[in-house]
Amino acid sequence: MKFGKRLKQHVEETLPGWGDKFLSYKDLKKLVRLISSASPAMLNGSETEFVYLLNNEIHKFNAFFVEQEEDFVIRHKELQQRIQIVVDIWGPNGNEPSETRYTEEMSKIKKDIVDFHGEMVLLINYSNINYTGIL
């Protein structure tokens with residue numbers, strides 16, 4: 001299967017909400033074909049258009065990645081704070097020690113950590129796919 005089809009399939013199956021954040025591979029490929037068949041007179045304009053689109057695409061997914069990364073930093077701090085609150089309140093030396101409540105709250109946090117990790121893996125995958133498309 002060709003890369004463009006794999007990219008489209010991957011986006012539809014795993015990250016449909018991020019579809020517009022991925023590399024516009026099809027548009028870039030059209031320009032590459034145009035450049036390869038262009039006459040010398042049209043070559044410069046086509047190359048300029050390609051470089052412009054490529055730079056915009058790189059900026060687009062870099063900005064998205066940085067935005068997601070900032071969100072992950074905030075969420076990581078929130079998870080750390082939640083853990084500390086649970087320990088301080090319901091932990092063995094907490095204000096209101098309760099093994100049951102401690103276990104329940106820590107289970108919720110563990111689930112959120114697993115979800116958080118999964119989202120980070122998706123972002124790494126997003127980055128790798130876009131990098132592959134540029135190559």
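All values below come from the heavy atoms of this structure, side chains included, with hydrogens, waters and symmetry mates left out.
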Same cluster or not: are Tyr131 and Ile124 linked, directly or through other Ile, Leu, Val, Met, Phe, Trp or Tyr residues, by side-chain heavy atoms under 4.5 angstrom apart? no
Quick one: CD on Gln9 to NZ on Lys5, what's the gap to the nearest 0.5 Å? 10.5 Å
What one should report as the nearest heavy-atom pair of Ser46 and Leu34 is OG-CD2, 3.8 Å
NE2 (His117) and CZ (Phe72) are apart, to the nearest 0.5 Å, by 10.5 Å
Electrostatic pair Glu105-Arg101, nearest N-O below 4.0 angstrom: yes
Salt-bridged, Glu78 to Arg75, with N to O below 4.0 Å? no
CG of Leu79 to NZ of Lys110: how many Å apart, nearest 0.5 Å? 13.5 Å
Look at atom NE2 of His76 and say whether more than 12 heavy atoms of other residues, nucleotides or ligands are closer to it than 6.0 Å. no
Looking at CE of Met106 and CD1 of Ile113, how far apart are the two atoms once the value is rounded to the nearest 0.5 Å? 7.5 Å
Quick one: are Asn125 and Leu15 in side-chain contact, heavy atoms under 4.5 Å? no
Quick check: do Leu54 and Ile58 have side-chain heavy atoms less than 4.5 Å from each other? yes
Side chain to side chain, Trp18 and Gln68, heavy atoms closer than 4.5 Å: yes
Main-chain N/O of Ile89 paired to Glu96 side chain as donor or acceptor, under 3.5 Å: no
Are Asn56 and Lys60 packed together at the side-chain level, in the sense that at least one heavy-atom pair is separated by less than 4.5 angstrom? no
Below 4.5 Å, heavy atoms only, C-beta onward: do Leu123 and Tyr126 meet side chain to side chain? yes
Quick check on Lys8: does its NZ atom have over 12 non-hydrogen neighbours (other residues, nucleotides or ligands) under 6.0 Å away? no
From CA spacing to verdict: side chain to side chain contact (heavy atoms under 4.5 Å, CB included), Glu104, Thr100: CA-CA 6 Å; Glu104 289 172 358; Thr100 303; 3.6 Å; yes
With clusters defined by side-chain heavy atoms of hydrophobic residues (ILVMFWY) lying less than 4.5 Å apart, directly or transitively, does Leu28 cluster with Tyr52? no
Taking C-beta and beyond as the side chain, do Pro97 and Trp90 meet within less than 4.5 Å on heavy atoms? no
Taking the side chain as C-beta and beyond, is there a heavy-atom pair between Phe22 and Phe61 under 4.5 Å? no
Is any side-chain N of the basic residue among Arg82 and Asp112 closer than 4.0 Å to the acidic one's carboxylate O? yes
Apply the test side chain to side chain contact (heavy atoms under 4.5 Å, CB included) to residues Leu31 and Asp27: give CA-CA distance (whole Å), side-chain angles for both, the deciding distance (0.1 Å), then the verdict. CA-CA 6 Å; Leu31 282 172; Asp27 295 337; 6.0 Å; no
Atom NZ in Lys2, atom OH in Tyr25: separation rounded to 0.5 Å? 8.5 Å
How many angstroms lie between OG1 in Thr14 and CD1 in Ile129, if you round to the nearest 0.5 Å? 6.5 Å
Do Gln84 and Gln80 get their side chains close enough for a donor-acceptor pair, meaning under 3.5 Å? no
Would a 4.5 Å heavy-atom cut-off, applied to side chains only, mark Val87 and Tyr102 as touching? yes
Could you report the tightest heavy-atom contact between Leu23 and Asn130, atom names first, then the distance? N-OD1, 2.7 Å
